[in-house]
2 protein chains.
Amino acid sequence: MTPPPTVAAIVVIFAIVDGELSVLLIHRTAPPEEGLWALPGARWDGSESLEEAAARTLEKETGARGLYLEQLFTVSGLDPAAPAVAVAYFALVDAEAVRLREEREWPPAWHRVASLPRLAFENNVVIEQALARVRAKLEYTNIAYGLLPERFTLRELHETYESILGRPLDRRNFRKRLLASEVVEATGERRREGAHRPALMYRFLKREPVFL
Amino acid sequence: MTPPPTVAAIVVIFAIVDGELSVLLIHRTAPPEEGLWALPGARWDGSESLEEAAARTLEKETGARGLYLEQLFTVSGLDPAAPAVAVAYFALVDAEAVRLREEREWPPAWHRVASLPRLAFENNVVIEQALARVRAKLEYTNIAYGLLPERFTLRELHETYESILGRPLDRRNFRKRLLASEVVEATGERRREGAHRPALMYRFLKREPVFL
DNA sequence: CCAAAAGTGTTAAAGCTACACCCATGG
DNA sequence: CCATGGGTGTAGCTTTAACACTTTTGG
């Protein structure tokens with residue numbers, strides 16, 4: 001006779017912070033796994049859909065409505081004591097639009113994906129999988145819109161791609177492919193911001209998932 | 001105050017039956033959704049992992065140990081009355097190795113994917129997603145090993161691909177790509193089976209998931 | 001010898017990768 | 001006029017798609 005299972009939604013929230021791909025983690029100030037960092041999440045009680053639970057978690061932590069939210073997978077057996085499943089999601093947000101909760105209990109913070117500490121539960125694995133998915137989808141979808149503001153320069157977009165993929169992309173080829181793929185369009189605007197030629201600003205034609 | 005949620009694993013079991021991609025469905029002989037066909041599944045009680053629960057369902061229905069089993073996604077809200085989540089998996093099996101349960105309660109049967117009836121719950125959507133995943137993975141992995149016996153001819157493999165993708169593939173290009181990718185190798189054997197030249201038999205180098 | 005499936009190469013088009021120089025601006 | 005990032009084209013290579021004839025066997 002086992003107790004009824006608990007169901008939780010957890011969210012890997014990605015953003016580009018200081019040019020580096022980062023995830024939002026909360027610091028656990030109570031057992032279990034006290035003192036470790038972990039993914040934010042919420043227990044699910046059936047009063048809403050799982051996706052809504054994930055979206056609510058995202059909004060609570062970032063203040064921002066998620067631009068991109070996708071289910072990853074479901075894991076069981078995190079807690080050996082009681083039956084529990086966690087449904088993992090990942091989200092992409094514009095770091096500039098985020099207002100983190102300021103709290104002493106479970107304070108959240110951005111952590112660079114390239115140098116994560118050991119996390120509570122199996123959360124390191126979840127983040128690795130999320131990263132693999134984002135990298136793959138970057139190649140054949142427009143999901144990068146989730147990480148950028150309404151208007152941006154091609155340089156910003158280029159750097160976003162490089163941060164996520166973790167490798168340099170040829171600048172000319174990147175522009176060519178991206179413009180040819182017709183996911184972004186130039187607005188008339190230019191951004192002047194230094195002692196150099198101003199950059200044209202672009203926007204995504206669709207701010208919703210599109211496959212190429 | 002909501003009751004505790006129930007968790008179930010459901011499995012989309014694919015096989016090639018009479019040259020057509022098919023799924024195994026059970027006929028519901030009791031409410032809810034009595035009289036409709038549905039995906040087989042099992043309630044999860046926490047005594048095993050979700051994947052084990054899916055594998056057990058697969059074995060119970062087919063007698064065969066699943067060669068390929070992968071998690072798809074998790075859906076909530078199937079039952080408006082009580083909170084429930086279903087974790088969907090898909091499996092690939094060799095139809096020849098299957099021994100269906102013969103039962104009067106919830107009898108199972110193969111149904112061609114190309115012409116499915118309306119199914120219980122949201123199961124039509126689950127199957128569509130599973131199909132999309134299998135099609136995508138066929139292109140860049142060796143998962144077809146799950147659908148074929150130990151030894152097979154290139155024609156059989158070719159037809160398997162065509163059944164799943166639902167479109168013809170050039171025979172010469174197919175052979176070239178497949179042999180170049182080094183996922184299969186010729187055994188010395190030939191199969192004589194008619195008034196024509198015998199076909200060489202092949203086998204998969206690895207009968208476990210490999211990315212190309 | 002006939003019917004049936006097995007086996008095998010080439011060519012054209014498209015896409016990808018690598019690579020270097022001029023332009024517009026602010027100071 | 002100088003430093004800084006913005007913007008652009010081409011050539012070689014690899015990959016993909018289209019396509020038809022010869023071989024081996026059983027009856």
Side-chain angles (χ1 to χ4, degrees), chain A residues 16 18-19 135-142 144 148-149 151-204 211-212, chain B residues 16 18-19 135-142 144 148-149 151-204 211-212:
Chain A
I16 307 289
D18 297 331
R135 281 181 175 155
K137 287 209 143 179
L138 208 55
E139 315 267 12
Y140 63 92
T141 72
N142 66 343
L148 289 163
R151 281 135 201 268
F152 50 87
T153 64
L154 281 191
R155 159 172 290 260
E156 289 169 327
L157 185 57
H158 183 214
E159 286 173 347
T160 297
Y161 270 67
E162 289 188 335
S163 304
I164 295 173
L165 297 176
R167 64 185 160 91
L169 296 175
D170 180 271
R171 198 156 57 91
R172 275 175 294 189
N173 292 338
F174 177 78
R175 285 168 163 259
K176 251 181 301 178
R177 255 188 319 120
L178 225 94
L179 297 176
S181 70
E182 303 196 330
V183 299
V184 298
E185 66 176 1
T187 69
E189 274 176 294
R190 286 189 172 73
R191 174 187 289 167
R192 293 183 301 287
E193 59 167 358
H196 56 82
R197 178 171 176 173
L200 261 174
M201 310 231 23
Y202 287 79
R203 76 168 145 243
F204 281 92
F211 287 74
L212 305 186
Chain B
I16 306 289
D18 297 332
R135 281 180 175 157
K137 288 208 143 181
L138 208 56
E139 315 266 11
Y140 63 93
T141 72
N142 65 343
L148 289 163
R151 281 133 201 270
F152 51 87
T153 63
L154 281 191
R155 160 170 289 261
E156 289 169 327
L157 184 57
H158 183 215
E159 286 174 347
T160 297
Y161 270 67
E162 289 188 334
S163 302
I164 295 173
L165 297 177
R167 62 186 161 91
L169 297 174
D170 180 88
R171 198 157 55 91
R172 275 176 293 187
N173 292 337
F174 178 78
R175 286 169 161 259
K176 251 179 303 178
R177 255 187 320 119
L178 226 94
L179 297 176
S181 71
E182 303 194 331
V183 299
V184 298
E185 67 177 0
T187 70
E189 275 174 292
R190 285 190 171 70
R191 175 186 289 165
R192 292 182 303 288
E193 60 166 359
H196 55 82
R197 178 170 177 174
L200 261 174
M201 309 228 28
Y202 288 78
R203 78 167 144 241
F204 281 92
F211 287 74
L212 307 186

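Here the structure is a predicted model, which is why all the values come from computation and not from measurement. FYI, side chains are in, hydrogens and waters are out, and symmetry mates aren't considered; it's all heavy atoms of this structure. Chain naming here is simple, since letters A, B, ... match the order of the sequence lines and numbering starts at 1 in each.
Distance, B:Asn173 CG to D:dT15 P: 14 Å, rounded to whole Å. Distance A:His196 NE2 to D:dT4 P: 10 Å, rounded to the nearest Å. C:dA4 atom P lies 15 Å from atom CZ of B:Arg171, rounded to whole Å. Note: CZ (B:Phe152) to P (C:dA6) measures 14 Å, nearest angstrom. Taking atom CG on A:Leu178 and atom P on C:dT17, their separation rounds to 14 Å, with Å as the unit. The CZ atom of A:Arg192 sits 11 Å away from the P atom of C:dG27 (whole-angstrom rounding). Distance, B:Glu189 CD to C:dA6 C1': 17 Å, rounded to whole Å. Atom CZ of A:Arg191 is separated from atom P of C:dT25 by 16 Å (rounded to the nearest Å).
Here the CZ atom belonging to B:Arg175 is positioned 12.0 Å from the CG atom belonging to B:Asn173, to the nearest 0.5 angstrom. Rounded to the nearest 0.5 angstrom, A:Leu200 CG and A:Arg190 CZ are separated by 4.5 Å. Here B:Met201 contributes atom CE and B:Glu185 contributes atom CD; the two are 13.0 Å apart, rounded to the nearest 0.5 Å.
Looking at heavy-atom distances under 4.0 Å, A:Leu154 makes no contact with the nucleic acid at all.
In this structure, B:Phe152 and B:Phe204 have tilted ring planes: the angle between them lies in the 30° to 60° band.
No hydrogens or angles were tested; on distance alone, a donor-acceptor pair under 3.5 Å links the side chain of A:Lys176 to the base of D:dT10. At a cut-off of 3.5 angstrom, counting only N and O atoms as typed in the model, there is no donor on one side facing an acceptor on the other between the side-chain of B:Arg172 and the base of C:dA6. B:Arg175 contributes no side-chain N or O that forms a donor-acceptor pair with the base of C:dG7 under 3.5 Å.
Looking at B:Leu165 and B:Glu139, their side chains come closer than 4.5 Å, going by heavy atoms from C-beta outward.
Taking only side-chain atoms of A:Arg197, from C-beta outward, the nucleotide of D:dG9, C:dA24, C:dA6 with the closest atom is C:dA24.
Toward the 5' end of DNA chain C, the nearer of the two residues A:Arg177 and B:Leu179, judged by each one's closest nucleotide, is B:Leu179. Along DNA chain C, the nucleotide nearest to B:Ala195 and the one nearest to B:Ala199 differ in position, and the one closer to the 5' end is contacted by B:Ala195.
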